[in-house]
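Have a look at the structure below, then the notes.
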Amino acid sequence: MTDGARSATPPGRTPREVATHCPYCALQCGMTLRADDAGVTVHPRQFPTNRGGLCQKGWTAAELLDHPERLTTPLVRDPATGALQPASWDTALDRVVAGIRAVQDDAGRDAVAVFGGGGLTNEKAYALGKFARIGLRTRHIDYNGRFCMSSAAAAGMRAFGIDRGLPFPLADLGRADTLLLVGANPAETMPPLVRWLTEQRHNGGKLIVIDPRVTATARQADLHLQPLPGTDLAVANALLHIALTEGWVDRAYVADRTTGFDAVRRNVAAWWPARAEQLSGVPVADLEATARALGTGGRVIILTARGAEQHAKGVDTVTAYVNLALAIGLPGRDGSGYGCLTGQGNGQGGREHGQKADQLPGYRRIDDPAAREHVAGVWGVPANELPGPGVPAYQLLDSLGTPGGPRAMLVFGSNPVVSAPRAARIEGRLRDLDLLVVADLLLSETAALADVVLPTAQWAEEDGTMTNLEGRVLRRRALRPPPPGVRTDLAIISDLAARLAEADSTGANPADANRTGANPAEADPASGRPAAVAAARFPADPAAVFAELRRASAGGAADYAGISWDRIDADDGVYWPCPTEDGPDTPRLFANRFATPDGRARFHPVDHRPAAEQVCATYPLHFTTGRVLAQYQSGTQTRRVPALRRAAPEAFVELHPDLAARLGIDDGDPVRVTSRRGEFRAPARLSTGIRPDTVFAPFHYAGAGRANSVTNDAVDPISGMPEFKICAVRVEKA
C-alpha cells in the first residue's frame with residue numbers, strides 16, 4: 001500500500017489492528033486494517049480466496065473512511081427552497097415516520113417500498129426484510145442483487161433445488177483440466193481470482209472463454225469464442241449437440257442422478273453446429289474444440305456470469321449451460337461442476353435472508369405456508385399477518401409514483417439512478433415519489449434526489465457477516481466506531497421501528513384500515529412500552545441480529561443455524577448449509593444427492609430466442625455494457641478515490657476501428673450513443689477486441705456518460721433480470 005492510501009486518524013488514538021475483508025466484490029479478499037496516528041492502512045492477508053492478493057480497489061478502500069465528501073449529519077429537503085439542509089437525527093427520523101404514516105394512511109401499507117443492496121451484511125439484509133414485512137407491513141421490498149445474479153439463482157433452483165454461486169471451494173478452479181468461463185471477466189471484476197486461473201494453466205489445464213469482447217480474461221485463454229451478444233444459449237445447445245453426437249454424454253450419471261434428459265436430447269438435436277455458427281458467428285471448429293475439451297477432460301468446470309445472465313432469457317441461457325454440465329456428469333463430481341461467479345460483495349447472502357420480493361430468511365419462499373409459520377414464529381407475529389410476495393426490482397422501481405404504485409421508498413445501499421436499466425425513466429419515477437429516504441455514506445445520485453438522507457457507517461466501522469461467492473460465511477470486523485453523527489443501518493432500522501411502533505400505540509396508525517390482527521408492537525401489552533418492544537424486535541447489535549437470523553434460517557435451504565461468529569473466526573469462514581454447531585459445514589454440494597425431493601437434478605429443455613430488441617436501419621448496432629478494473633458498480637465510492645479516478649476517469653465507448661471508420665470517428669472523439677430509450681455521450685475508444693457490429697461501454701458513470709440511459713428494460717419472465725447486455729443503438733460523432 002502506498003502512503004497516499006491512508007485514512008486520517010485523530011492524533012493520540014490507540015493503534016489498532018483488525019482482520020477483516022474487502023468491502024467490494026464477492027471474492028471478499030482477506031485484509032488487515034491497521035490504525036495509528038498517521039491513519040488507516042490496508043494490508044493483504046493470507047486468506048483462502050485471495051491468498052494475499054488485493055486489487056487496486058481493495059488497496060485504496062480505506063481512503064473513503066474519512067473522505068471529505070462523507071456524510072456525517074442527516075439531510076432534510078427544505079420545502080421552501082428545495083435544497084437539502086443539515087438536520088438533527090430526531091428531525092430527520094420524525095420526517096421519515098410522518099411521511100410513511102401519511103402515505104400509508106392515504107393509500108395503504110403497500111404504498112411504502114424498501115429497496116436494498118447486495119453489499120449489505122447478512123445482518124442488515126435480514127433486518128431490512130423483517131422491517132419491511134412487520135415494521136412497515138408492506139410486500140414491496142426488493143434489492144439491486146436482482147440486477148446481478150438472479151437468473152443464475154433461478155436456474156440453479158430449478159435444476160438443483162438450491163442456489164449457491166459456487167457449490168465447491170474456489171481452489172477447485174486451479175485443479176481443473178478444462179475451465180469454461182461464459183460471460184465472465186474476472187481479470188477486471190475480481191483480479192485476485194486470476195491467481196487460480198494462472199495456477200490452472202500452470203498445471204496444464206485449458207481455459208476457454210466465451211465473450212463478445214477480447215477482455216483481459218479472454219486474452220489469457222487458450223480458446224476464445226466471440227459470439228454475437230445474446231446468442232450464448234444457442235452456443236450451449238450446439239455444444240451439447242456435439243457432445244451427444246460424439247458420445248461424450250455420461251449416460252450412467254444421467255440415468256442415476258438426473259431426470260428429464262430425453263426432452264433436452266430431442267431439443268438440442270436441432271442445434272447442429274453450422275446453425276449455431278450462422279446465428280452466433282462462432283466457427284464450427286471452435287464449437288467442436290470446446291465440446292471436445294469439455295467432454296474428454298478429467299476435471300471440468302463450467303462457470304457463468306453476468307454476460308450470460310443479464311438478458312430477458314437469462315434463466316434459460318444459464319439452464320442451457322447447466323444442461324451441458326449435467327449431461328457430461330460434472331455437478332457433484334470431485335474437482336468438477338457448474339457454478340456462477342457472484343458479483344456484489346454479499347450478493348449471495350443478501351438474497352438468502354429476506355431482501356428479495358418472494359423470499360423469507362433461509363431462502364424460504366414467502367408463499368410457502370410452512371415457511372411463513374416458521375419465520376412468523378421467530379418474529380413473534382401471526383403467520384397470516386406477513387405480507388405476500390412483492391414484485392421484482394425493475395417492476396417495483398418502474399411503478400413508483402404511478403397510480404396504485406408505491407408513493408414512498410426507503411433505499412439502503414443502492415444507487416438505482418445509475419445502476420437501473422432505462423435509468424432516466426427510473427430517475428423520473430423516484431422524483432415522482434411523495435417521500436424518498438436514502439441511507440448512504442456519500443451523496444450518491446439517488447441520495448441527491450431524496451427528501452431525507454441518513455448518513456451510515458462504513459464497512460470498517462461495524463461488525464457483521466458476509467457470504468462470499470463460495471457460500472462461505474465470513475466475519476467483517478470493526479476497526480473503529482462510526483464518526484460522531486453517523487449511525488449504522490441496524491441502528492437506523494431499530495430507531496425507525498421504535499418510532500413507528502410508538503406512533504401506532506397512540507391509536508393514530510395510518511395503516512390500521514388496511515391490516516388485520518394485532519399490532520406487532522403490542523406483543524407484550526403489559527409492558528406499556530410498545531416502542532421498547534419494537535426496539536427489542538429490531539436490535540441494533542449485529543451479534544443479536546445474527547443470533548436471530550440463525551433461528552429464522554434453521555431448516556431452510558440456506559441454513560445458518562450451526563454458524564456462530566466464534567466458529568467463523570476459528571475456521572476461516574463456514575460454508576452453508578450448516579444446521580448444527582457441532583456438525584460439519586458443506587464446502588461441497590451434490591456429492592450424494594441434489595436438493596430436490598427425489599435427490600435428482602432436473603434437465604429443462606430451452607431454446608434460443610432473439611433479444612427483446614433487434615437492430616434496424618435506425619438503430620443498426622448492438623450495445624452491451626460491463627465493468628472496468630478500477631471502478632465498481634455505480635461508482636458512488638470508487639469514483640471518489642483519487643487513484644481509481646485517475647485510472648478510469650470517465651466513461652468511454654468502445655468501437656471496432658472498421659466501424660469507427662465507417663462512422664467518421666477517430667480515437668478520442670466525443671460520440672453520442674442513442675437507443676429508443678435515451679442517449680449518453682462519451683469519448684470513443686477504438687479496439688480490435690470488439691466485434692464490428694457491437695459497441696461497449698462501462699456502466700459505472702453518472703451524468704452525460706450514464707450508459708444505463710440507453711439499456712433495455714425488458715426483463716426475464718422468471719427472474720426479473722433486465723436485459724442489460726444487449727439493445728439496439730446508433731452511434732454518431734457528437
| Quick one: does Asp451's side chain have a donor or acceptor within less than 3.5 Å of a partner on Arg77's backbone? | no
| request: Please test Asp440 against Thr446 for side-chain contact (heavy atoms from CB on, under 4.5 Å), starting from the C-alpha separation and ending with a verdict. | output: CA-CA 10 Å; Asp440 211 327; Thr446 302; over 6 Å; no
| Distance-minimising heavy-atom pair for Val318 and Ala155 | CG1-CB, 3.5 Å
| task | Could you check if a side-chain atom of Glu309 sits within less than 4.5 angstrom of a side-chain atom of Lys725, using non-hydrogen atoms only? | result | no
| request: With rounding to the nearest 0.5 Å, note down the distance linking NZ in Lys356 to CG in Asp142. | output: 7.5 Å
| message | How long is the straight-line distance from CG of Asn185 back to OG1 of Thr217, given to the nearest 0.5 Å? | response | 3.5 Å
| message | With a 3.5 Å distance limit and no angle check, can you tell me whether Thr342 reaches the backbone of Gly347 through a side-chain donor-acceptor pair? | response | no
| request: State, to 0.1 Å, how close Val438 and Ala450 come at their nearest heavy-atom pair, and which atoms those are. | output: CG2-CB, 3.8 Å
| message | So does Val112 get a backbone contact from the side chain of Thr138, meaning a donor-acceptor N/O pair under 3.5 Å? | response | yes
| field | Candidate pair Met149 and Gln344, rule side-chain contact (heavy atoms from CB on, under 4.5 Å), full reasoning | value | CA-CA 9 Å; Met149 211 185 130; Gln344 294 189 78; over 6 Å; no
| Any side-chain heavy-atom pair of Leu93 and Arg487 under 4.5 Å | yes
| Among His67, Glu69, Gln458, Glu461, the one residue meeting side chain to side chain contact (heavy atoms under 4.5 Å, CB included) with Leu441 | Gln458
| query | Quick one: do Glu445 and Arg706 make a salt bridge, cutoff under 4.0 Å? | reply | no
| request: Go through the steps to decide whether Thr231 and His608 satisfy the test side-chain contact (heavy atoms from CB on, under 4.5 Å), and finish with yes or no. | output: CA-CA 7 Å; Thr231 61; His608 170 80; 4.2 Å; yes
| task | Would you please test Arg639 and Arg645 for side-chain contact (heavy atoms from CB on, under 4.5 Å) and show each step? | result | CA-CA 5 Å; Arg639 284 188 275 118; Arg645 192 168 59 246; 5.7 Å; no
| query | Do side-chain atoms of His311 reach the backbone of Gly307 as a donor and acceptor pair under 3.5 angstrom? | reply | yes
| Taking everything shown except Arg70 itself, do over 12 heavy atoms lie less than 6.0 Å from its CZ? | yes
| said: Once rounded to the nearest 0.5 Å, what's the spacing between atom NE2 of His224 and atom CG of Leu181? | reply: 10.5 Å
| said: Tell me if a side-chain donor or acceptor on His700 pairs with a main-chain N or O of Gln633 at a distance below 3.5 Å. | reply: yes
| said: Looking at Gly405, is its backbone amide N or carbonyl O close enough to the side chain of Ser399 to form a donor-acceptor pair, meaning the two atoms are under 3.5 Å apart? | reply: no
| side chain to side chain contact (heavy atoms under 4.5 Å, CB included), paired with Val653, selected from Ile665, Val729, Val671 | Val671
| Sub-4.5 Å side-chain heavy-atom contact between Thr189 and Cys25 | no
| query | Can you tell if the side chain of Arg677 reaches within under 4.5 Å of the side chain of Val710, non-hydrogen atoms only? | reply | no
| remark: The reported gap from CZ in Arg476 to NE2 in His21 (rounded to nearest 0.5 angstrom) is 9.5 Å
| message | Tell me whether Gln631 contacts the main-chain N or O of Ala648 through its side chain, where contact means a donor paired with an acceptor under 3.5 Å. | response | yes
| request: Report yes if the side chains of Thr624 and Ile726 come closer than 4.5 Å at any heavy-atom pair, otherwise no. | output: no
| remark: So CG of Leu686 and CG of Leu655: to nearest 0.5 Å the spacing works out to 6.5 Å
| request: Output yes when Arg422 and Asp398 qualify as a salt bridge under the 4.0 Å nitrogen-oxygen rule, no when they do not. | output: no
| said: Less than 4.5 Å apart, side chain to side chain, heavy atoms only: is that true for Pro389 and Arg139? | reply: no
| request: Grab the two heavy atoms, one from Ala457 and one from Pro482, that are nearest each other, plus how far apart they are. | output: CB-CG, 3.8 Å
| said: Tell me whether Gln310 contacts the main-chain N or O of Glu723 through its side chain, where contact means a donor paired with an acceptor under 3.5 Å. | reply: no
| message | If you apply the rule side-chain hydrogen bond (donor to acceptor under 3.5 Å, both in side chains), what do you find for Asn708 with Thr625, and how did you get there? | response | CA-CA 8 Å; Asn708 275 322; Thr625 65; 5.2 Å; no
| request: Search all heavy atoms of Val182 against all heavy atoms of Ala308 and return the closest pair with its distance. | output: CG1-CB, 3.9 Å
| Residue pair Ala221 / Val209: nearest heavy atoms and the distance that separates them | CB-CG2, 3.7 Å
| said: Is there a side-chain hydrogen bond (donor to acceptor under 3.5 Å, both in side chains) between Ser419 and Asn144? Walk through the geometry before answering. | reply: CA-CA 8 Å; Ser419 63; Asn144 63 14; 5.5 Å; no
| Between Lys57 (side chain) and Tyr24 (backbone), is there a donor-acceptor pair under 3.5 Å? | no
| query | Do the rings of Phe680 and Phe623 sit parallel, tilted or perpendicular, given the 30° and 60° boundaries? | reply | tilted
| field | Results of ring-ring contact (aromatic ring centres under 6.0 Å, His included) for Phe147 - residues two or more places apart only | value | Phe724
| field | Min side-chain heavy-atom separation Tyr143-Ser414 under 4.5 Å | value | no
| said: Taking Arg425's backbone N and O only, do any of them form a donor-acceptor pair with Arg429's side chain (distance below 3.5 Å, no angle check)? | reply: no
| field | Closest non-hydrogen atom pair between Val42 and Trp59, with its separation | value | O-CZ3, 3.6 Å
| field | Option passing side chain to side chain contact (heavy atoms under 4.5 Å, CB included) with Met409 (candidates Val103, Asp434, Leu397) | value | Leu397
| said: What I'd like to find out is whether the side chain of Arg306 reaches to under 4.5 Å of the side chain of Cys148, using heavy atoms alone. | reply: yes
| said: As an exercise, state the distance from CG of Leu193 to CG of Leu27, rounded to the nearest 0.5 Å. | reply: 5.5 Å
